Amino acid sequence: MKPAPASLHARHRAVMPDWLGLYYREPLELTHGEGRHVWDAHGRRYLDFYGGVLTTMTAHALPEVTKAVGEQAGRILHTSTFYLDRHMVELAERIAALSRIPDPRVFFTTSGTEANDTALLLATAHRRSHQVLAMRNSYHGRSFSSIAVTGNSAWSPTALSPLQTLYVHGGVRTRGPYAHLSDAEFTAACVADLEDVLGQAHGTVAALIAEPVQGVGGFTAPPDGLYAAFREVLDRHGILWISDEVQTGWGRTGDHFWGWQAHAENGPPDLVTFAKGLGNGMAVGGVVGRAEVMNSLDAHSVSTFGGSPVTTAAALANLTYLLEHDLQGNARRVGGLLAERLRAIAAGLPVVREVRGRGLMLGIELAERDGTPSGRAAAAALEHCREGGLLVGRGGREGNVLRIAPPLTLTVAEAEQGAAVLEQALRRSQQDLDTLERP
């Protein structure tokens, strides 16, 4: 008798590294999607409130994007950056105009990690220094250099580093030594901390890299204007500002097209990195920045797959759809309604410490009764959401934050549906904790 075939999960574990984690006690195989929904291998439908980690930005199987991919794939799949490509140039022109950076240049990569890696290369080459400022609780990717500027210990697997990184306060508003301060006092304290850190640096510092909203860190953000206040200090020292917009770009926060615009008194950053949602699932990322910085390299460079004909065709179609249908406005309107609904739900649940975020980038922080982060409550809530037909993400250093980031075409009815599932999941998580705490 032939042995039963191994499950896909068992096969995954047999060939993938142990650190490549999967969600859920019984991991999902997603087979197809449409709009804001996906289906698993058993035919069950889920409302997607995570979009493949904020990557399916407009919708699953968006016709305009799938058409662009199919048509380009039927002509030519790959050329490389050694040849002119019309889609690459047109996409770069659109991004350059949207960046608001004077005299910008654009370089395409295949991921946000590679985009941040490129920005760090450019900044350190331009400034002739390997010293970099980064935010505590930050995440910038999984390459050697991006891990070196990641301030979240849960996602930083090595202390070895090609950079000397100096970490400053400011990315987390409601925890830490400055949490009790007013917004103005918080900003002033973080600026003072930045000045103190720079006083300990040895000579030139290349750049500050910062997420306007910390994604993996649990959708935390400083008060609006913090990075503008930082910019005044950075400018005095000639230090560049890199805004990591891999998760915050393209209107997801609703109020702004770029996350940095909440801190924009002193103009745009020197470099902006982007990825994820631009390709709506296709592997595309990049850097846009001032020509003076972007042209800093004095040796040849190339990206074999960055800016490929297929990915740039898809990204161009996706970006056009987003702009023509005002998905930033939809993120602001529907995200605002969803946030209000979630805050009303949280008001009667001690397990919910905070509902935060803006637009369709919302976090629900869960805690024990003593206020300490509760990874176990978040893990339970993730499972309960799945049982209710809703997919959400999980983040925070202690894994205690539910991350909500659906496609930007989310409807009011779908937001209400997702909120209802979340309410039941959070209530069940509260019951789980109460049961565990009983003598």
Side-chain angles (χ1 to χ4, degrees), residues 17-21 107 109-172 176 190 193-218 220 222 227 230 233-234 237-247 269-275 285-287 289 293-294 296-299 301 303 306 395-399:
D18 292 344
W19 44 260
L20 191 63
F107 178 78
T109 66
T110 58
S111 69
T113 289
E114 190 186 350
N116 285 328
D117 191 79
T118 301
L120 291 167
L121 170 65
L122 291 165
T124 54
H126 183 72
R127 293 280 290 156
R128 310 305 301 170
S129 169
H130 76 304
Q131 291 189 100
V132 175
L133 297 163
M135 307 302 295
R136 299 184 182 188
N137 197 53
S138 58
Y139 174 80
H140 297 288
R142 49 153 300 279
S143 69
F144 193 40
S145 65
S146 59
I147 287 172
V149 294
T150 287
N152 184 327
S153 58
W155 291 88
S156 185
T158 177
L160 302 175
S161 174
L163 302 169
Q164 182 181 352
T165 305
L166 308 168
Y167 291 101
V168 295
H169 282 290
V172 181
C190 292
D193 176 65
L194 172 62
E195 296 268 24
D196 182 66
V197 168
L198 287 174
Q200 301 174 46
H202 298 286
T204 300
V205 173
L208 164 72
I209 184 168
E211 306 155 273
V213 179
Q214 293 183 333
V216 170
T220 63
Y227 294 116
F230 276 11
V233 178
L234 301 179
H237 295 270
I239 300 169
L240 303 177
W241 173 23
I242 303 168
S243 186
D244 178 346
E245 302 276 352
V246 169
Q247 298 193 34
D270 299 287
L271 296 167
V272 170
T273 60
F274 55 85
V287 185
V293 181
M294 293 292 291
S296 293
L297 303 186
D298 58 5
S301 193
S303 180
R397 190 176 64 183
E398 293 83 7

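Note that these values count all heavy atoms, side chains included, but never hydrogens, waters or copies made by symmetry. Bear in mind the structure is a predicted one, so any value in this text is a computation, not a measurement.
- Under the rule for a ring pair (Phe, Tyr, Trp, His ring centres under 6.0 Å), His130 has no partner lying at least two apart in sequence or in another chain.
- Rounding to the nearest 0.5 Å gives a distance of 7.5 Å between CD1 of Ile242 and CG of Asn116.
- Glu114 is not listed as a side-chain neighbour of Ser143, based on a closest heavy-atom distance of 4.5 Å or more.
- When every heavy atom of Pro269 is checked against every heavy atom of Ser243, the shortest pair comes out as CG-CB, 3.6 Å.
- In terms of modelled atom types and a separation under 3.5 Å, the side chain of Glu211 and the main chain of Tyr139 share a donor-acceptor contact.
- Evaluation of the salt bridge (charged side-chain N to carboxylate O under 4.0 Å, His left out) rule for Asp270 yields Arg231, Arg290 as partners, not counting sequence neighbours.
- Between Gly141 and Thr113, the closest heavy-atom pair is CA-OG1, 3.1 Å.
- A heavy-atom distance below 4.5 Å is not found between the side chains of Thr273 and Glu245.
- Between Leu122 and Met294, some side-chain heavy-atom pair lies under the 4.5 Å cut-off.
- Among residues two or more places apart in sequence or in another chain, the side-chain hydrogen bond (donor to acceptor under 3.5 Å, both in side chains) test is passed with Ser296 by His126.
- Heavy atoms only, all atoms of each residue included: Ser303 and Phe107 are closest at CB-CZ, 3.6 Å.
- Defined by atom type and a distance below 3.5 Å, a donor-acceptor pair is present between the side-chain atoms of Gln214 and Thr220.
- In this structure, the side chains of Trp241 and Leu271 stay at 4.5 Å or more apart for every pair of heavy atoms.
- Here the side chain of Ser138 pairs a donor or acceptor atom with the backbone of Val149 at under 3.5 angstrom.
- Among residue pairs with one or both ends in residues 147-161, none qualify as side-chain hydrogen bond (donor to acceptor under 3.5 Å, both in side chains); sequence neighbours excluded.
- The shortest side-chain heavy-atom distance between Gln247 and Phe274 does not fall under the 4.5 Å cut-off.
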Quiz: residues 200-207 side-chain donor-acceptor pairs under 3.5 angstrom, not counting sequence neighbours:
| residue | atom | partner | partner atom | Å |
| --- | --- | --- | --- | --- |
| Gln200 | NE2 | Asp196 | OD2 | 3.0 |

Practice prompt. Go through Leu208 and Leu194 one step at a time and tell me if the side chain to side chain contact (heavy atoms under 4.5 Å, CB included) criterion holds.
Written response: CA-CA 10 Å; Leu208 164 72; Leu194 172 62; 5.9 Å; no
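- Looking only at side-chain heavy atoms (C-beta outward), Phe144 and Pro162 come within less than 4.5 Å of each other.
- No donor-acceptor pair closer than 3.5 Å links the side chain of Asp193 to the backbone N or O of Val168.
- His140 has its side chain out of reach of Leu120: every pair of non-hydrogen atoms, C-beta onward, lies at least 4.5 Å apart.
- Looking at Val287 and Val272, their side chains never come closer than 4.5 Å, going by heavy atoms from C-beta outward.
- The minimum heavy-atom distance between Met135 and Tyr167, with the atom names listed, is O-CD2, 3.7 Å.
- In plain terms, the two heavy atoms of Pro222 and Tyr227 that are nearest each other are CG-CE1, 3.8 Å.
- Sorted by first and then second residue, the salt bridge (Lys or Arg N to Asp or Glu O under 4.0 Å) pairs with a member in residues 116-136 form an empty list; sequence neighbours excluded.
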Practice prompt. Could you give me the CA-CA distance, side-chain angles and deciding distance for His237 and Leu198, then say whether side chain to side chain contact (heavy atoms under 4.5 Å, CB included) is met?
Written response: CA-CA 9 Å; His237 295 270; Leu198 287 174; 3.8 Å; yes
